[in-house]
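These numbers were taken from a predicted model, which means no experiment stands behind them.
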Amino acid sequence: MDCKLRAKNCGGCPMLATEYAAQLKKKEADVRALLGKYGPVAPIRGMETPYHYRNKVISTFAPAAGGKLTSGIYAARTHKVLPVESCLLQDEVLNKVMLAVRAAANACRYQPFNEDKGTGLLRHCLLRRGVATGQVMVVLVTAQPVLPGAKNFVKALLAEAEKRGVPVTTVVQNYNPRRTSVVLGEDEKVLYGKGFILDTLCGKTYALSPRSFYQVNPVQTAVLYGLAIDAAHLTGKEVVLDAYCGIGTIGLTASDKARQVVGVEVNRDAVRDAIGNAKHNGVKNARFFAADATAWIREAADAGQKADVVFMDPPREGSTPAFIESVARMAPKRVVYVSCNPETMARDLALLTQKGYRAEGFTPVDMFPHSTHCEVVGSLVRVK
């Protein structure tokens with residue numbers, strides 16, 4: 001499959017012209033080159049159908065002919081918006097929902113925000129879909145605190161969505177006045193529905209708000225988390241620490257097989273979501289704390305607290321020497337490392353092996369087909 005946007009310097013699918021089997025082969029070879037010296041690398045887990053997998057879309061508004069607006073994504077290494085009618089990576093329902101949003105915005109005569117002049121109203125639109133539930137969230141990001149004719153916009157959006165045969169479960173206005181590339185601001189107003197949607201992953205149901213961190217490829221996330229839980233070798237007796245826990249997805253997935261789960265995350269909104277998700281799923285053996293993971297685990301180690309298994313799922317920058325030092329002092333029997341950047345994972349593995357851990361093996365997971373990114377699940381056991 002090919003895409004007209006690629007010729008316009010889209011940049012979203014740098015490997016699209018490469019046969020999918022060859023993409024997987026390259027990613028697996030790259031992971032083996034980085035991590036193979038620490039332990040065996042299993043064959044990469046690819047997708048059966050590597051298209052339309054993204055359950056989250058962020059679109060930027062821009063001017064169009066006749067005083068109207070359009071929406072799309074920035075061309076690679078530019079600030080120019082390429083109008084997008086449909087995308088091979090985005091959920092097909094969300095492709096249609098975005099067209100409905102655009103049509104409703106034009107019906108209301110909204111103008112796109114102009115960064116240089118500071119004029120206009122609409123900055124971005126964030127869409128989420130619960131693939132298991134079919135629920136859809138629309139988040140309209142505005143440069144002004146008031147959305148004129150908000151009720152008319154919602155009415156127009158619901159009509160446009162119905163015309164295209166797609167659902168809209170909730171609509172939220174997010175106000176972002178800052179001159180920044182960060183999409184969402186701090187202030188939100190629910191215009192329709194409950195302000196969140198539900199989705200099911202690995203047998204647990206999650207409430208997703210506009211700012212919830214949630215993996216964008218649900219099919220491969222189930223593969224990734226399944227591998228992580230298998231790597232932990234849980235028997236029901238273990239205390240599990242879920243570091244960098246986000247909204248609690250890995251910890252709650254592990255809760256059925258662990259004695260106790262403790263999650264730590266610096267983002268307070270995410271922790272609030274994690275606590276709510278535990279209650280919603282009736283999970284009573286999980287606790288979540290809003291704290292810097294490194295500082296929290298250092299204090300816990302100082303206090304003599306122990307964990308049998310540590311799940312670490314750090315951001316792309318990887319973990320920190322201080323965090324790894326504290327993990328070593330806590331001395332869990334196993335560390336399960338979920339990485340979205342094999343290069344920083346390799347750096348962290350060098351430290352973990354110095355601290356008495358041996359890698360049992362790694363499994364690459366292709367979470368983002370047609371991109372250069374690759375996720376990896378690594379299992380480490382304490383040997384001294």
Side-chain angles (χ1 to χ4, degrees), residues 1-60 72-82 84 86-91 94-95 181 183 213-225 227-228 244 246 312-319 337-350 359 361-378:
M1 296 178 75
D2 203 358
C3 175
K4 295 175 183 176
L5 291 172
R6 197 164 65 87
K8 297 179 180 179
N9 194 30
C10 167
C13 300
M15 299 184 79
L16 186 62
T18 304
E19 187 182 359
Y20 187 54
Q23 292 183 34
L24 294 177
K25 187 175 180 181
K26 182 183 186 313
K27 290 182 181 184
E28 184 182 313
D30 289 346
V31 171
R32 187 167 281 112
L34 284 165
L35 307 180
K37 64 182 176 181
Y38 295 106
V41 176
I44 190 170
R45 301 290 189 93
M47 292 191 76
E48 189 175 333
T49 308
Y51 300 100
H52 300 298
Y53 56 82
R54 290 188 66 93
N55 60 13
K56 175 183 172 183
V57 170
I58 296 175
S59 198
T60 299
I73 59 177
Y74 290 116
R77 297 176 298 281
T78 76
H79 222 54
K80 178 188 175 186
V81 174
L82 294 177
V84 175
S86 70
C87 170
L88 289 174
L89 300 191
Q90 293 170 183
D91 184 296
L94 295 186
N95 278 332
S181 59
V183 172
F213 174 79
Y214 192 66
Q215 295 279 9
V216 300
N217 185 334
V219 172
Q220 293 298 81
T221 300
V223 172
L224 187 79
Y225 289 177
L227 288 166
Y244 314 96
M312 49 188 295
D313 184 7
R316 287 193 60 77
E317 305 83 59
S319 190
Y337 193 138
V338 180
S339 171
C340 58
N341 186 346
E343 290 186 4
T344 54
M345 184 183 195
R347 180 202 67 202
D348 293 344
L349 285 169
F362 308 95
T363 305
V365 178
D366 189 25
M367 291 281 283
F368 306 100
H370 315 299
S371 79
T372 56
H373 298 299
C374 186
E375 302 254 338
V376 181
V377 175

May I ask you to test the Val57-Asp91 pair for a side-chain heavy-atom distance under 4.5 Å?
no

Do you know the tightest heavy-atom contact between Pro218 and Asn55?
CD-ND2, 3.7 Å

Would you confirm whether Asn95, through its side chain, and Cys87, through its main-chain N or O, come within 3.5 Å as a donor-acceptor pair?
yes

Heavy atoms of Val338 and Ala228 approach each other most closely as CG2-CB, 4.1 Å

Suppose we screen for ring pair (Phe, Tyr, Trp, His ring centres under 6.0 Å). Which residues come up paired with Tyr214, at least two apart in sequence or across chains?
none

Once side chain to side chain donor-acceptor pair (under 3.5 Å) is applied, do any residues pair with Asp366, and if so which ones, sequence neighbours excluded?
Tyr20, Lys27

Which distance, rounded to the nearest 0.5 Å, do you find between the CD1 of Ile73 and the NZ of Lys80?
12.5 Å

Measure the shortest side-chain to side-chain distance between Tyr74 and Val81 over non-hydrogen atoms and say whether it is less than 4.5 angstrom.
yes

Are Met47 and Asn217 close enough that some pair of their side-chain heavy atoms sits under 4.5 Å apart?
yes

Can you name the nearest heavy-atom pair linking Pro369 to Pro50, along with the distance?
CB-CB, 3.6 Å

Heavy atoms of Gln220 and Arg45 approach each other most closely as NE2-O, 3.0 Å

Output the distance between atom CZ (Arg54) and atom CG (Leu94), rounded to the nearest 0.5 Å.
10.5 Å

Atom pair SG (Cys13) and CG (Leu5), whose distance is rounded to the nearest 0.5 Å:
9.0 Å

Can you name the residues that form a side-chain contact (heavy atoms from CB on, under 4.5 Å) with Ala75, not counting sequence neighbours?
Asn9, Thr78, Leu82

By the ring-ring contact (aromatic ring centres under 6.0 Å, His included) test, which pairs, at least two apart or in different chains, include something from residues 24-49?
none

Report the distance from atom OG of Ser339 to atom CZ of Arg316, rounding to the nearest 0.5 Å.
8.0 Å

Do you know the tightest heavy-atom contact between Leu88 and Cys3?
CD1-CB, 4.0 Å

Just to verify, what does Lys37 make a side chain to side chain donor-acceptor pair (under 3.5 Å) with, not counting sequence neighbours?
none

According to side-chain contact (heavy atoms from CB on, under 4.5 Å), who are the partners of Pro364, at least two apart in sequence or on a separate chain?
Val31, Val41, Ile44, Cys374

My understanding is that only residues two or more places apart in sequence, or in another chain, count here; which of them pass side-chain contact (heavy atoms from CB on, under 4.5 Å) with Arg6?
Asp2, Leu16, Ala17

So do the side chains of Met345 and Asn341 get within less than 4.5 Å of each other, counting heavy atoms only?
no

Interatomic distance, OH@Tyr51 vs NE2@His370, rounded to 0.5 Å, equals 4.0 Å

Residues at least two apart in sequence or cross-chain that pass side chain to side chain donor-acceptor pair (under 3.5 Å) with Ser371, listed by chain then number, are none

Under the side chain to side chain donor-acceptor pair (under 3.5 Å) test, which residues partner Glu28, sequence neighbours left out?
Arg32

side-chain contact (heavy atoms from CB on, under 4.5 Å) filter on Phe213, not counting sequence neighbours, yields Gln215

Do you know which two heavy atoms are closest between Ser319 and Arg347, and how far apart they sit?
O-NH2, 3.1 Å

Rounded to the nearest 0.5 Å, what separates atom CG in Leu34 from atom CZ in Phe362?
10.5 Å

With sequence neighbours excluded, residues passing salt bridge (Lys or Arg N to Asp or Glu O under 4.0 Å) with Asp348
none

